[in-house]
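Keep in mind it's a predicted model, so treat the numbers as computed, not measured.
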Amino acid sequence: MTKSELITLLSDRFSQLVHKDAELSVKTIIDSLSKSLSSGGRVEIRGFGSFSLNHRPARLGRNPKTGEKVNIPEKFVPHFKPGKELKLKVDK
């Protein structure tokens, strides 16, 4: 499902919600998730799952084309862990 499909689904399901309002709601939720993660926080949505950051330390990699060694800097990457209810729904 894409962001635009989610917006359309919300505006269709809730007749009092105009398309622009659904779009603003989805954008606000995604921006809040992003802001929380970028500040080092963790986001948990009960029944769905949790978003957190994983630290990847600096390492020495290599360019597969030339074989040259390359330094890869440390970084944080987002990680999603599904909740128990989501796992059960997907497993059915």
Side-chain angles (χ1 to χ4, degrees):
M1 175 179 282
T2 63
K3 185 176 170 182
S4 59
E5 290 172 344
L6 177 60
I7 293 167
T8 303
L9 180 71
L10 281 174
S11 61
D12 290 346
R13 182 177 287 178
F14 302 103
S15 59
Q16 71 274 15
L17 195 61
V18 182
H19 191 272
K20 288 265 187 197
D21 292 339
E23 184 176 359
L24 180 63
S25 300
V26 171
K27 184 179 181 328
T28 302
I29 291 170
I30 292 174
D31 288 345
S32 296
L33 286 169
S34 299
K35 188 182 288 185
S36 180
L37 285 174
S38 66
S39 66
R42 180 176 179 269
V43 178
E44 182 178 334
I45 303 171
R46 298 286 169 136
F48 183 69
S50 62
F51 297 89
S52 60
L53 293 177
N54 280 353
H55 178 260
R56 294 205 177 152
R59 63 188 173 91
L60 188 62
R62 69 175 186 87
N63 182 337
K65 192 172 187 178
T66 63
E68 177 185 352
K69 292 184 179 184
V70 178
N71 287 323
I72 301 173
E74 68 176 352
K75 61 183 173 180
F76 288 92
V77 293
H79 174 74
F80 175 72
K81 182 177 179 185
K84 183 179 180 182
E85 290 178 33
L86 180 61
K87 286 181 185 178
L88 292 175
K89 285 182 181 180
V90 170
D91 199 27
K92 284 187 178 182

Open item on the list: For a salt bridge (charged side-chain N to carboxylate O under 4.0 Å, His left out) check, start with the C-alpha distance between D31 and K27, then their side-chain angles and the critical distance, and finish with the verdict.
Closed with: CA-CA 6 Å; D31 288 345; K27 184 179 181 328; 2.9 Å; yes
Open item on the list: Measuring from atom OG of S50 to atom CD1 of I45, what distance do you get when rounded to the nearest 0.5 angstrom?
Closed with: 9.0 Å
- [ ] Show your reasoning for whether salt bridge (charged side-chain N to carboxylate O under 4.0 Å, His left out) applies to E44 and R42.
- [x] CA-CA 7 Å; E44 182 178 334; R42 180 176 179 269; 3.2 Å; yes
Open item on the list: Tell me whether E85 at atom CD has more than 12 heavy atoms from other residues, nucleotides or ligands lying less than 6.0 Å away.
Closed with: no
Task: CZ/R56: more than 12 non-hydrogen atoms of other groups inside 6.0 Å - done: no
Give me the atom names and distance for the closest heavy-atom approach of [X] to [Y].
| X | Y | value |
| --- | --- | --- |
| F76 | L53 | CD2-CB, 4.3 Å |
| L24 | T28 | O-OG1, 2.7 Å |
| I7 | H19 | CG2-NE2, 3.6 Å |

Open item on the list: If hydrophobic clusters are built from ILVMFWY residues whose side chains come within less than 4.5 Å, do L33 and V26 share one?
Closed with: no
Open item on the list: Grouping I, L, V, M, F, W and Y whenever their side-chain heavy atoms are under 4.5 Å apart, do L9 and V18 come out in a common cluster?
Closed with: no
Open item on the list: With side-chain contact (heavy atoms from CB on, under 4.5 Å) as the criterion, how do D91 and L88 come out once you've worked through the C-alpha distance, each side chain's angles and the decisive distance to 0.1 Å?
Closed with: CA-CA 5 Å; D91 199 27; L88 292 175; 5.7 Å; no
Open item on the list: I'd like to know if the side chain of S34 and the backbone of I30 have a donor-acceptor N/O pair within less than 3.5 Å.
Closed with: yes
Open item on the list: Using side-chain heavy atoms (C-beta onward) and a distance below 4.5 Å, is S52 in contact with K81?
Closed with: no
